[in-house]
Number of protein chains: 2
Amino acid sequence: MKIQEEIARCENMCVHTDIVDSAARNMPDEEVLYDLAELFKIFGDSTRIRILYALLEQEMCVCDIAQLLNMTQSAISHQLRVLKQSHLVKFRRDGKTIYYSLADSHVHSIISQGMEHVEE
Amino acid sequence: MKIQEEIARCENMCVHTDIVDSAARNMPDEEVLYDLAELFKIFGDSTRIRILYALLEQEMCVCDIAQLLNMTQSAISHQLRVLKQSHLVKFRRDGKTIYYSLADSHVHSIISQGMEHVEE
DNA sequence: CGTTCATATGAATAACTGTTCATATATAAT
DNA sequence: ATTATATATGAACAGTTATTCATATGAACG
């Protein structure tokens, strides 16, 4: 039947308009939420989380991190690039060695909040 | 030294043994860091972030969320399942409708910390 | 200079993930 | 019971991503 098909095709019949409207008003810009997701995506990889965790204590060179995590220098270097581009780590050069450290204190608080949720 | 012999993964000889040793002592269990990464992975998708953000204000049904985010009911339902399995949202049934809401207060604080980093 | 060492990077591959489509389930209404 | 509605789910596909391998860069030092 034609009318029923049209109705059935409208998959949003159950919408509570007032709720959706109020939620829509309170949602941040698409772009902000996209950036937020991108930030958490960086933390959402166990290699990167382990690198960040290691750097909570002290600065380390690429080779130190590779040794600590038992991974290749190349794999660590690739991930450090991601962390660098996200402004989560910074680095300084000392001769041939490049030391990486955390870029700001947000890393610490974000990890701490996550830990609280995990340790339950 | 000892660790250097145990872990010979990094082919370079630049390892600072004391730094690696001290970092190794302070690293949490592999499993904990894996779980932590898994948690952040959930936040690392803009659809899920937007769902969580919408639920900060009030509970919503699947169809409401689909309308709000302009996505299909199926896509939202799939993501709600992920959020459910991660214990980030809970739900209650009211007739044919199922209302979703945040499972605990950690979601709020994790998002807030992330926002502080993004808004710079 | 050329060599060595620490790090970076491009390409390829394998594994993973989000959405769509079709369909199933379950509750409510007639 | 039959139909309608709200949500859930399995399979497939497309897009993404982490690691490996090979090689490049770039600084230090004889």
Side-chain angles (χ1 to χ4, degrees), chain A residues 1-16 19-20 34 37-38 40-51 59-86 89-101, chain B residues 9-16 19-20 34 37-38 40-51 59-86 89-101:
Chain A
M1 288 181 273
K2 192 153 192 287
I3 292 177
Q4 280 173 349
E5 276 177 354
E6 282 178 357
I7 291 172
R9 240 180 256 139
C10 176
E11 63 178 357
N12 288 332
M13 274 190 62
C14 53
V15 170
H16 305 81
I19 290 181
V20 174
Y34 180 82
E38 287 301 304
F40 285 124
K41 204 172 286 181
I42 306 297
F43 287 83
D45 174 81
S46 65
T47 297
R48 287 191 294 264
I49 273 282
R50 288 190 298 162
I51 293 175
E59 67 178 8
M60 297 178 81
C61 75
V62 180
C63 210
D64 290 344
I65 300 173
Q67 176 112 338
L68 175 67
L69 305 186
N70 192 28
M71 293 179 65
T72 65
Q73 173 269 322
S74 179
I76 300 302
S77 189
H78 277 295
Q79 295 299 354
L80 283 171
R81 183 154 75 118
V82 174
L83 293 170
K84 217 188 308 178
Q85 286 169 341
S86 310
V89 302
K90 60 185 194 297
F91 62 96
R92 71 177 179 88
R93 170 157 234 142
D94 179 19
K96 278 180 285 191
T97 306
I98 294 181
Y99 291 95
Y100 281 85
S101 56
Chain B
R9 193 65 191 270
C10 186
E11 65 273 14
N12 298 333
M13 290 287 95
C14 54
V15 173
H16 305 80
I19 291 181
V20 174
Y34 180 82
E38 288 300 304
F40 285 124
K41 205 172 285 181
I42 306 297
F43 288 83
D45 174 81
S46 63
T47 297
R48 287 191 293 264
I49 274 283
R50 290 190 297 160
I51 292 175
E59 65 177 9
M60 296 179 81
C61 75
V62 180
C63 214
D64 290 344
I65 300 172
Q67 173 102 340
L68 175 68
L69 304 187
N70 192 30
M71 293 180 67
T72 66
Q73 173 269 320
S74 179
I76 300 300
S77 188
H78 276 296
Q79 295 299 357
L80 283 170
R81 184 153 75 116
V82 174
L83 293 170
K84 217 188 308 177
Q85 286 169 342
S86 309
V89 302
K90 60 184 194 297
F91 63 96
R92 70 176 178 89
R93 171 156 233 145
D94 180 18
K96 278 179 286 191
T97 306
I98 293 181
Y99 290 95
Y100 281 87
S101 58

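Proteins come first, then strands; the chains are lettered A, B, ... in the order of their sequence lines, and each starts at number 1. Quick caveat: nothing in here was measured; it's all calculated off a predicted structure.
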**Fill in**
Closest non-hydrogen contact found for B:Ile76 with B:Ala66 is CG1-CA, 3.7 Å
**Request:** Would you please confirm or rule out a distance under 4.0 Å between OP1 or OP2 of C:dC21 and any side-chain N or O of B:Ser74?
**Result:** no
**Asked** Are A:Gln79 and A:Ile65 close enough, and set up right, to give a side chain to side chain contact (heavy atoms under 4.5 Å, CB included), and what steps lead you there?
**Response** CA-CA 11 Å; A:Gln79 295 299 354; A:Ile65 300 173; over 6 Å; no
**Asked** CG of A:Asp64 versus C1' of C:dT7: gap in Å, rounded?
**Response** 13 Å
**Prompt:** What's the spacing between B:Cys63 SG and A:His16 NE2 if we round to 0.5 Å?
**Reply:** 9.0 Å
**Asked** Going by heavy atoms closer than 4.0 Å, what residues in residues 75-83 of chain B are next to DNA chain D?
**Response** B:Ser77, B:His78, B:Arg81
**Item:** Any side-chain heavy-atom pair of A:Arg81 and A:Ser77 under 4.5 Å
**Value:** no
**Request:** For B:Arg93 and for A:Asp45, find the nucleotide of DNA chain D with the closest heavy atom, then tell me which residue's nucleotide is more 5'.
**Result:** B:Arg93
**Message:** In whole Å, I'd like the distance from the CZ atom of A:Phe40 to the C1' atom of C:dT17.
**Reply:** 19 Å
**Message:** I want to verify a distance call: between C:dT19, C:dA8, D:dT5, whose nearest atom is closest to the A:Val62 side chain?
**Reply:** C:dA8
**Per B:Lys84 side chain, nearest of listed nucleotides D:dA8, C:dA8, C:dG18** = D:dA8
**Request:** Can you establish whether the number of heavy atoms outside A:Tyr34 located under 6.0 Å from its atom OH is more than 12?
**Result:** no
**Message:** Could you tell me how far apart B:Asn70 (CG) and C:dG18 (C1') are, to the nearest whole angstrom?
**Reply:** 16 Å
**Request:** Measure from NZ on B:Lys41 to C1' on C:dC16 and round the result to the nearest Å.
**Result:** 8 Å
**Request:** Measure up the B:Phe40 and A:Phe40 rings against each other and bin them: parallel (under 30°), tilted (30 to 60°), perpendicular (over 60°).
**Result:** parallel
**Prompt:** Are any of A:Arg48's side-chain N or O atoms less than 4.0 Å away from OP1 or OP2 of D:dA18?
**Reply:** yes
**Prompt:** Do B:Leu68 and B:Asp64 come close enough that some side-chain heavy atom pair is under 4.5 Å?
**Reply:** no
**Fill in**
To the nearest angstrom, the OH-C1' distance between B:Tyr34 and C:dC16 comes to 11 Å
**Item:** Base of D:dT19 paired with side chain of A:Thr72 (donor-acceptor, under 3.5 Å)
**Value:** no
**Request:** To the nearest Å, give me how far apart CZ (A:Arg92) and P (D:dA27) are.
**Result:** 16 Å
**Prompt:** Between atom CD1 in A:Ile42 and atom P in D:dT16, what is the gap in whole Å?
**Reply:** 15 Å
**Request:** Check every strand shown and say whether A:Tyr100 touches a base, only sugar-phosphate, or nothing at a heavy-atom separation below 4.0 Å.
**Result:** sugar-phosphate
**Separation of D:dA18 C1' from A:Gln73 CD (nearest whole Å)** = 15 Å
**Request:** Tell me which nucleotide among D:dA8, D:dT20, C:dA6 gets nearest to the side chain of B:Ile98.
**Result:** D:dA8
**Message:** For C:dT7 and A:Tyr99 - does any side-chain N or O of the residue sit under 4.0 Å from the phosphate oxygens OP1/OP2?
**Reply:** no
